[in-house]
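Take a look at the structure below.
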Amino acid sequence: MLLALVAASVGLSVGCGSNGATETEPVETLDSVERPTKAGPPAPREDDPPAEVAEPTEHDAPAEGVAPIAPAIGQWIRYGADWREGGRSTVEYRIVDREDGAFWVEVTDVRRERTRQVKMLVRPGATADAHRVLQLSFENRGEIEEIPARLLPTYQPLLQQWLGMLFPAELVGEREDVTVPAGVFHGAFKAERELTFGQEQVTANVWLHSAVPISGMVRFEGSAGGHTLQLLGFGLEGAEPRFGR
């Protein structure tokens, strides 16, 4: 079993368990719209109704050469994914603790009648290929699977590309205003990404903004009318551990 880690970062439902199997079928889940808050994220729920937002929060254009927000305990981001096949999912990322220069990151994936979670100890590097996962556990339907240290190198190639999206080294690209449920982000950095998932090559546009913690990502849009991902809410504090609860 593996939570669809890449779903929140690149708009694809990709998973791999200890047996190496993958799962790619997206399923419909909640259709909520959430606002950024300083009080921390609400727990994902499948029955959350859409919220009416009259005046979306506006975020100023970042300066050229601005660096991403440094990872810190309490940060959280939540994305809604729309799949090419018509399904939906919601994924939330939380930084809940720190240990020896590495961060404990939890991921909660909410889908129809199913919640899956990942907990990992990540040491961000100066470049995407320098990021490392030091510990890794999965939770699915109340069952927790801890990956032995000797098997982590097997997971590293799958996680490397995702970690590069989750902890970007820099914010660069063309400037463009982007509106998503989390607000209006002026002067976001728009860049093209070439991604590989198994045998599939994906080209996508990604919009990044310095106001957003962890990934910096506001929107992801696959080529040729493919998968899309948009920011539903975020915060610089308030994230609490939920793995195993």
Common cluster, Ile77/Val96, ILVMFWY with side-chain heavy-atom separation under 4.5 Å: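 No: no chain of side-chain contacts under 4.5 Å links Ile77 to Val96.
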Polar side-chain atom of Glu176 near backbone of Lys190 as donor-acceptor pair, under 3.5 Å: no
ring-ring contact (aromatic ring centres under 6.0 Å, His included) partners for Phe189, two or more places apart: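 Once residues adjacent in sequence are excluded, Phe189 has no partner under the ring-ring contact (aromatic ring centres under 6.0 Å, His included) criterion.
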Residue pair Thr115, Asp109: steps toward the side-chain contact (heavy atoms from CB on, under 4.5 Å) verdict: CA-CA 6 Å; Thr115 297; Asp109 179 277; over 6 Å; no
salt_bridge(Arg242, Glu240) N-O dist < 4.0 Å: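 Salt bridge: no.
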Asp97: side-chain contact (heavy atoms from CB on, under 4.5 Å) partners, not counting sequence neighbours: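 Here the qualifying residues are Ile73, Trp104.
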Nearest-0.5 Å distance, CG of residue Leu229 to CD of residue Glu221: 11.0 Å
Between [X] and [Y], a side-chain donor and acceptor under 3.5 Å:
X      : Y      : value
Thr108 : Arg94  : yes
Asn205 : Arg219 : no
Tyr79  : Ser89  : no

Whether Phe234 and His59 hold their rings parallel, tilted or perpendicular, with breakpoints at 30° and 60°: tilted
Contact list for residues 160-175, test salt bridge (Lys or Arg N to Asp or Glu O under 4.0 Å), sequence neighbours left out: Glu64-Arg175
